[in-house]
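Below is one structure, written out as structure tokens; the observations come after it.
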Amino acid sequence: MGPIAVILQLLAVMSLTAAKDDGLVRTPPMGWMAWERFRCDVDCKDDPENCISEALFRDMADRLYEDGWKELGYEYVIIDDCWMSMERDKEGRLQPDPVRFPGGIAKLANYVHERGLKLGIYADMGTFTCMGFPGTTLDKIQIDAQTFASWGVDYLKFDGCSSNPLVQMLGYPLMSIALNATGRPIVYSCSWPAYLGGLPPFVNYNLMGEICHLWRNYYDIQDSWDSLQAIVDWFFNNQDEIQPAAGPGRWNDPDMLIIGNFGLSMDESRSQMALWAIMAAPLIMSTDLRHLDNGARAILQNKVAIAINQDPLGIQGRRLLKEKSRIEVYWRPLFQSASALVFLSRRTDMPYRYHTSLGKLHYEEGNYEAYDVFTGTTVKGLNSTTEITLSINPSGVVMWYKLYGFVLCLCISSSNHTDTL
């Protein structure tokens with residue numbers, strides 16, 4: 001691209017001054033995405049059940065529709081990398097692999113929409129996707145946006161492999177303009193911050209909120225507790241820089257929920273659900289919903305944890321304390337003067353009895369009640385000075401929530417017994 005073209009593109013970007021306030025994803029988006037669980041499995045001959053194909057996405061749409069997920073808010077079925085043919089069509093448009101997606105994306109979108117769900121798709125701001133399929137270069141942004149809209153796509157994940165900071169600076173805002181120009185409401189998920197280190201001054205989060213509905217800040221999650229902990233550490237170590245960026249229609253994205261896969265225990269799975277609720281993070285599952293065990297299902301379908309995540313204020317929570325005992329405390333303010341607390345154990349030895357009080361956590365004088373989401377028990381008669389003792393399993397959590405006009409503690413317990421208060 002010559003210097004004149006670059007200047008023209010920059011002028012177009014600079015003209016984008018209005019915030020992206022289009023009414024989409026006023027609470028964090030919820031749904032299912034293929035990547036973490038199914039990756040780039042394109043071997044439909046030997047692995048037809050798990051390969052990236054229209055059959056896989058129809059299966060997941062069926063599960064969301066038939067197994068109670070849709071009613072809880074899980075509405076997006078999102079295709080990730082490896083769906084494309086290796087060549088664009090004769091008019092320069094992306095096209096799906098004809099063997100793995102014989103019906104095409106528009107037909108798949110109709111299938112999803114008939115079930116009251118929405119379809120997401122993946123593209124990359126570069127010459128190639130991360131797995132080597134055709135990318136969306138600057139000259140292809142408009143036609144790709146139009147193609148996605150014509151197919152009935154509702155959500156675009158726009159990655160950044162095989163690009164550079166200048167191309168990203170131009171391409172991510174231009175895709176926002178192109179999507180808006182289609183006239184179709186399409187949620188726009190940008191990976192831009194993750195390619196710039198995730199932090200100011202390299203990332204302008206005011207601009208992010210003007211062009212994107214959500215954005216990836218950090219590395220991809222892997223199916224392990226170590227990976228999850230690294231993401232949590234990065235987000236809360238840098239909370240002063242990134243927490244103010246989040247709000248209705250503009251979300252930080254710590255990546256997919258890996259609950260129900262192979263790398264997390266039940267305690268660690270509860271921890272991810274609780275922390276993602278505190279972070280006001282998108283709840284995008286990446287697991288095989290066809291073979292999900294009851295424990296994972298109960299966590300992912302926990303109505304109160306979901307309600308905390310979907311709180312209409314949309315304020316991202318913060319870490320309050322890191323104790324020498326390796327207990328950490330997180331807090332999130334919620335609608336109608338409610339709030340949520342998470343107590344996380346980073347220990348690896350045995351359940352730890354953590355002593356604290358609501359006053360120590362900056363709660364004012366008043367009467368409080370505690371409700372344990374997993375046991376259904378309620379503890380009454382608490383005040384700001386009451387000594388609280390919580391038993392927290394290794395890598396587990398207890399979560400508290402304010403309710404009924406008082407400060408209510410909603411406890412998402414990491415054990416099968418009632419926490420001692």
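Values below: all heavy atoms of this structure, side chains included; hydrogens, waters and symmetry mates excluded.
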- Are W225 and S269 close enough that some pair of their side-chain heavy atoms sits under 4.5 Å apart? no
- Chi angles and distances behind the side chain to side chain contact (heavy atoms under 4.5 Å, CB included) call for D144, R88: CA-CA 11 Å; D144 286 356; R88 289 176 175 262; 2.8 Å; yes
- Item | From CG (N252) to CG (D255), nearest 0.5 Å | 13.0 Å
- Task: Check whether the side chains of S391 and Y354 place a donor and an acceptor atom closer than 3.5 Å, and report yes or no.
- Result: no
- Query: So, D159 and Y195: side-chain donor and acceptor under 3.5 Å apart, yes or no?
  - Reply: yes
- Message: To the closest 0.5 Å, what do you measure between CG (L283) and CD (Q310)?
- Response: 6.0 Å
- Note on the structure: With sequence neighbours left out, the residues meeting ring-ring contact (aromatic ring centres under 6.0 Å, His included) with W69 are Y74
- Task: Carefully, step by step, assess I52 and F57 under the rule side chain to side chain contact (heavy atoms under 4.5 Å, CB included).
- Result: CA-CA 8 Å; I52 302 302; F57 296 98; 4.0 Å; yes
- Sequence neighbours excluded, the answer for side chain to side chain contact (heavy atoms under 4.5 Å, CB included) partners of H362 is none
- Note on the structure: Taken in chain and number order and not counting sequence neighbours, the residues that satisfy salt bridge (charged side-chain N to carboxylate O under 4.0 Å, His left out) with R318 are D240
- Item | Close side-chain approach of N367 and L382, heavy atoms under 4.5 Å | no
- Message: I'd like to know if the side chain of D97 and the backbone of W83 have a donor-acceptor N/O pair within less than 3.5 Å.
- Response: no
- Query: Can you list the residues that meet the ring-ring contact (aromatic ring centres under 6.0 Å, His included) rule with W192, with sequence neighbours excluded?
  - Reply: Y172
- Report the distance from atom CG of N50 to atom CG of D47, rounding to the nearest 0.5 Å. 4.5 Å
- Side chains of Q146 and R93: donor-acceptor distance under 3.5 Å anywhere? no
- Query: Between L156 and M175, is a side chain to side chain contact (heavy atoms under 4.5 Å, CB included) present by the stated rule, with each step listed?
  - Reply: CA-CA 10 Å; L156 172 64; M175 178 57 85; 3.9 Å; yes
- Just jot down the side chain to side chain contact (heavy atoms under 4.5 Å, CB included) partners of P200, sequence neighbours excluded, or say none. Y205, E241
- Task: Using side chain to side chain contact (heavy atoms under 4.5 Å, CB included) as the criterion, list what pairs up with K118, not counting sequence neighbours.
- Result: E75, Y76, D154
- Task: Examine the side chains of S227 and Q222 and answer whether a donor and an acceptor come within less than 3.5 Å of each other.
- Result: no
- Task: Say whether D267 and S265, considering side chains only, have a donor N or O and an acceptor N or O under 3.5 Å apart.
- Result: no
- Donor-acceptor pair, S271 side chain versus S395 backbone, under 3.5 Å? yes
- Salt-bridge criterion met for R39 and D41 (N-O under 4.0 Å): no
- With distance as the sole test, does W151 use its side chain to make a donor-acceptor pair with the main-chain N or O of A109 at under 3.5 Å? no
- Message: Tell me the closest heavy-atom pair linking A274 and V397, and the distance in Å.
- Response: CB-CG2, 4.0 Å
- Message: If the test is salt bridge (Lys or Arg N to Asp or Glu O under 4.0 Å), which one of D80, D81, D124 qualifies with K157?
- Response: D80
- Message: Please enumerate all residues that pass side chain to side chain contact (heavy atoms under 4.5 Å, CB included) together with D253, with sequence neighbours excluded.
- Response: L214, R216, P282
- Steps toward ring pair (Phe, Tyr, Trp, His ring centres under 6.0 Å) verdict (F128, F133): CA-CA 5 Å; F128 299 99; F133 290 82; 9.8 Å; no
- Between V153, L119, I121, I284, which is the residue that forms a side chain to side chain contact (heavy atoms under 4.5 Å, CB included) with I78? I284
- Message: I'd like to know if the side chain of R332 reaches the main chain of I308, judged simply by a donor and an acceptor atom lying under 3.5 Å from each other, with no hydrogens or angles considered.
- Response: yes
- Query: Backbone N or O of Y188 within a donor-acceptor pair of the H213 side chain at under 3.5 Å?
  - Reply: yes
- List in chain and number order the residues that pass ring-ring contact (aromatic ring centres under 6.0 Å, His included) with F235, two or more places apart in sequence or in another chain; answer none if no residue qualifies. none
- Note on the structure: W331 meets the ring-ring contact (aromatic ring centres under 6.0 Å, His included) criterion, sequence neighbours left out, with none
- Under 3.5 Å: donor-acceptor pair, side chain of E36, backbone of L257: no
- Message: Treating E54 as the side-chain partner and R100 as the backbone partner, does any N or O pair qualify as donor plus acceptor under 3.5 Å?
- Response: no
- Query: Do F343 and L341 touch side chain to side chain, with heavy atoms closer than 4.5 Å?
  - Reply: yes
- Message: Could you check whether any side-chain N or O of R319 sits under 3.5 Å from a backbone N or O of V329, counting only pairs where one atom can act as donor and the other as acceptor?
- Response: no
- Query: Rounded to the nearest 0.5 Å, what separation is found between the CG atom of L207 and the CD1 atom of I211?
  - Reply: 4.5 Å
- Query: What is the minimum heavy-atom distance between A277 and A305, and which atoms define it?
  - Reply: CB-O, 3.7 Å
- Task: For residues I315 and Q243, determine if any side-chain heavy atom of one lies less than 4.5 Å from a side-chain heavy atom of the other.
- Result: yes
- Heavy-atom count around E87 CD within 6.0 Å, excluding the residue itself: above 12? no
- Go through W234 and I242 one step at a time and tell me if the side chain to side chain contact (heavy atoms under 4.5 Å, CB included) criterion holds. CA-CA 10 Å; W234 187 89; I242 65 172; 3.8 Å; yes
- Item | Pairs touching residues 84-120 that satisfy ring pair (Phe, Tyr, Trp, His ring centres under 6.0 Å), sequence neighbours left out | none
- Query: Going by the salt bridge (charged side-chain N to carboxylate O under 4.0 Å, His left out) test, which pairs reach into residues 301-310, not counting sequence neighbours?
  - Reply: none
- Query: Can any side-chain N or O of S163 pair as donor or acceptor with the backbone N or O of M125 at less than 3.5 Å?
  - Reply: yes
- Message: For Q142, is the CD atom crowded, meaning more than 12 foreign heavy atoms sit under 6.0 Å from it?
- Response: no
- What pair of heavy atoms forms the shortest contact from M273 to L300, and how long is it? CE-O, 3.7 Å
- Task: Verify side-chain hydrogen bond (donor to acceptor under 3.5 Å, both in side chains) between D139 and T137, making sure each step is shown before the conclusion.
- Result: CA-CA 6 Å; D139 60 314; T137 49; 2.6 Å; yes
- Item | Approximate separation, where rounding is to 0.5 Å, of R290 CZ and D288 CG | 4.0 Å
- Is a donor on one side and an acceptor on the other found under 3.5 Å between the side chain of N309 and the backbone of W276? yes
- Message: The criterion is salt bridge (charged side-chain N to carboxylate O under 4.0 Å, His left out); which residues satisfy it with R297, sequence neighbours excluded?
- Response: none
- Value for CD (Q301) from CG (D67), rounded to nearest 0.5 Å, stands at 7.5 Å
